[in-house]
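First comes the structure, then the notes that go with it.
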Amino acid sequence: MLGYFGPAGTFTHQALRTISAEDAVAFASVREALEAVREGQLLGAVVPIENSVEGGVSATLDELIAGEPLAIRREIVIAVEFGLYVRPGTQLHEVREVLTHGHAAAQCRDWLALMVPQATVTEAGSTAGAAAEVARPESRYDAAVCARVAGQLYGLTELAYQIEDNPGAVTRFVEVGLAGSVPERTGADKTTLVAYMREDHAGALLEILEQFAVRGVNLSRIESRPTKTTLGSYCFSIDVEGHLDDKRVAEALEGLHRVCPRVHFLGSYPRADGRRPAVGYGSTDEEFDAAAEWVASLGG
Ligand SMILES: O=C(O)C(=O)Cc1ccccc1
């Protein structure tokens, strides 16, 4: 069975529904969902990882870095549209307390400031959790910013829809399982990894980037995250275009292993958009093989 960052009605739940119609278990936090995968209670879990407006979801990136190895085996990208939902009867001018997930608040900041300037916005665990809370008659919160399905599910009234400041925003979710088997290469894949930087070393970040650049590997995301040991100590969470079975990617990983004190491989998996990377000259598998054969032949 799969788990997801819930409760029912979250955007993560919607993402999960695009890949599975079977029953799934909701968890109140990304940590709890991933912990259940680590403990073997679930086949996998769907969690948010990146938003086109807000960037990486730090709770997920941090959880993937910490603890027992987990691996991403699929990505799901969905459009996110938000609405403002209240208990039946509440009018817009009566909304004083808004509850929602931090990413939703950030994506609707301008609209909320303009349309409910009198309101205070409080962060909830999730958008659907906020809707469930607002649905309680005695709740101190007047409105939730959430998906339309969540508003409906918890019996709320829609005061406004598509209140996001950046129309067309998408969120990327990943299905995570125990590390071990890597999905087969499709030719349109992504690989996620975490590289730790050598400390007190000039050019350490450049050294990491070089490993990809010289092998023609394009990056689709790179974010620094604190290692949580000392102030100023960082690692990099990176998505690259390609699969572990692509020679250029495998060689880049070997290079990282030589120049970084620690590298975590977090999975190779098919891209949601099916886009194949443009592999520049000198970076195809055939060219890597031909080069290796040539070097092997030199000794006679
Ligand atoms: O709270 C939710 O519904 C989530 O799944 C997390 C989230 C919040 C805002 C945008 C995308 C995902």
Side-chain angles (χ1 to χ4, degrees), residues 2-20 24-38 42-67 70-83 99-109 121 123-132 144-151 153 163-166 168-177 190-194 220-225 237-239 266-267 269-273:
L2 290 177
Y4 67 96
F5 171 56
T10 55
F11 289 101
T12 313
H13 191 204
Q14 291 182 49
L16 166 84
R17 299 281 284 273
T18 67
I19 59 162
S20 162
V25 202
F27 289 85
S29 66
V30 169
R31 167 170 293 182
E32 286 163 78
L34 296 186
E35 206 47 49
V37 177
R38 287 194 172 105
L42 298 171
L43 279 179
V46 177
V47 292
I49 193 165
E50 184 186 3
N51 187 275
S52 64
V53 177
E54 275 293 282
V57 178
S58 38
T60 302
L61 294 171
D62 290 349
E63 273 304 308
L64 287 175
I65 294 169
L70 295 172
I72 299 171
R73 52 182 181 223
R74 190 194 309 230
E75 72 169 359
I76 308 152
V77 176
I78 61 165
V80 282
E81 292 182 343
F82 304 93
L99 189 62
T100 191
H101 186 273
H103 271 224
Q107 290 185 61
C108 304
R109 196 173 284 134
V121 182
E123 260 189 48
S126 69
T127 56
V145 174
C146 60
R148 182 172 264 166
V149 287
L153 194 61
I163 65 170
E164 56 276 4
D165 303 327
N166 296 281
V170 294
T171 297
R172 184 174 157 237
F173 300 83
V174 286
E175 184 194 325
V176 176
K190 263 187 200 168
T191 295
T192 299
L193 52 101
V194 179
S220 55
R221 182 181 62 88
I222 175 161
E223 283 178 272
S224 62
R225 295 292 309 149
S237 170
I238 301 171
D239 287 339
L266 289 180
Y269 48 91
R271 293 178 66 114
D273 61 10

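Predicted model only: the values in this text are computed from it and were never measured.
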| How about Val46 and Ile19: do any of their side-chain heavy atoms sit closer than 4.5 Å? | yes
| message | Tell me whether Thr100 contacts the main-chain N or O of Ala105 through its side chain, where contact means a donor paired with an acceptor under 3.5 Å. | response | no
| query | Can you check whether Val77 reaches Asp273 side chain to side chain, under 4.5 Å on heavy atoms? | reply | no
| task | Would you indicate whether the side-chain heavy atoms of Ile78 and Val170 approach each other to under 4.5 Å? | result | no
| Closest approach of Glu50 and Val57, non-hydrogen atoms and distance? | N-CG2, 3.8 Å
| From CZ (Phe82) to OG1 (Thr127), nearest 0.5 Å | 7.5 Å
| Does atom CZ of Arg38 have more than 12 heavy-atom neighbours, drawn from other residues, nucleotides or ligands, at distances under 6.0 Å? | yes
| said: When you compare the side chain of Leu193 with that of Leu266, does any pair of heavy atoms fall below 4.5 Å? | reply: no
| field | Pairwise side-chain contact, Pro48 with Val30, heavy-atom cut-off 4.5 Å (strictly under) | value | yes
| field | Exercise: identify the closest heavy-atom pair between Gln14 and Ala147 | value | NE2-CB, 3.1 Å
| task | State, with a plain yes or no, whether a side-chain heavy atom of Val145 is found less than 4.5 Å away from one of Leu99. | result | no
| request: Could you tell me which residues satisfy side chain to side chain contact (heavy atoms under 4.5 Å, CB included) with Leu153, sequence neighbours excluded, listed by chain and number? | output: Ala8
| query | Between His13 and Tyr4, what is the ring plane arrangement, given parallel below 30°, perpendicular above 60°, and tilted in between? | reply | parallel
| remark: Rounded to the nearest 0.5 Å, the CD atom of Glu81 sits from the CD1 atom of Ile163 at a distance of 11.0 Å
| Taking all atoms of both residues into account, what is the closest heavy-atom pair of Ile49 and Ile72, and its distance? | CD1-CD1, 4.1 Å
| query | Who are the side chain to side chain donor-acceptor pair (under 3.5 Å) partners of Glu223, not counting sequence neighbours? | reply | Arg221
| note | For Phe11 and Cys146, the nearest pair of non-hydrogen atoms, with its separation, is CZ-C, 4.3 Å
| side chain to side chain donor-acceptor pair (under 3.5 Å) involving Arg109 - partner list, sequence neighbours excluded | none
| task | Using side chain to side chain donor-acceptor pair (under 3.5 Å) as the criterion, list what pairs up with Glu35, not counting sequence neighbours. | result | none
| said: So for atom CZ, which belongs to Arg17, do other residues, nucleotides or ligands contribute more than 12 heavy atoms lying within a distance under 6.0 Å? | reply: no
| field | Distance-only polar pair, side chains of Glu32 and Ser29, donor-acceptor under 3.5 Å | value | yes
| query | Is there a side-chain contact between Val174 and Ile76 (heavy atoms, below 4.5 Å)? | reply | no
| message | Arg73: which residues meet the side chain to side chain donor-acceptor pair (under 3.5 Å) condition with it, sequence neighbours left out? | response | Glu175
| Distance only, no hydrogens: is a donor on one side chain within 3.5 Å (strictly under) of an acceptor on the other, for Ser220 and Asp239? | no
| field | Exercise: identify the closest heavy-atom pair between Ala131 and Ala150 | value | CB-O, 4.2 Å
| request: Using the side chain to side chain contact (heavy atoms under 4.5 Å, CB included) rule, take Leu42 and Leu2 through it: C-alpha gap first, then chi angles, then the decisive distance, then the call. | output: CA-CA 6 Å; Leu42 298 171; Leu2 290 177; over 6 Å; no
| note | Output for pair (Ser237 OG, Ile222 CD1), nearest 0.5 Å, gives 8.5 Å
| request: Report yes or no: do Thr192 and Tyr269 form a side-chain donor-acceptor pair below 3.5 Å? | output: yes
| query | Rounded to the nearest 0.5 Å, how far apart are CZ of Arg74 and NZ of Lys190? | reply | 14.5 Å
| request: Name all residues meeting the side chain to side chain contact (heavy atoms under 4.5 Å, CB included) criterion together with Val53; count only those two or more places apart in sequence or in a different chain, and write none if there are none. | output: Asn51, Gln107, Asn166, Ala169
| task | State, to 0.1 Å, how close Ala272 and Glu75 come at their nearest heavy-atom pair, and which atoms those are. | result | N-OE2, 2.8 Å
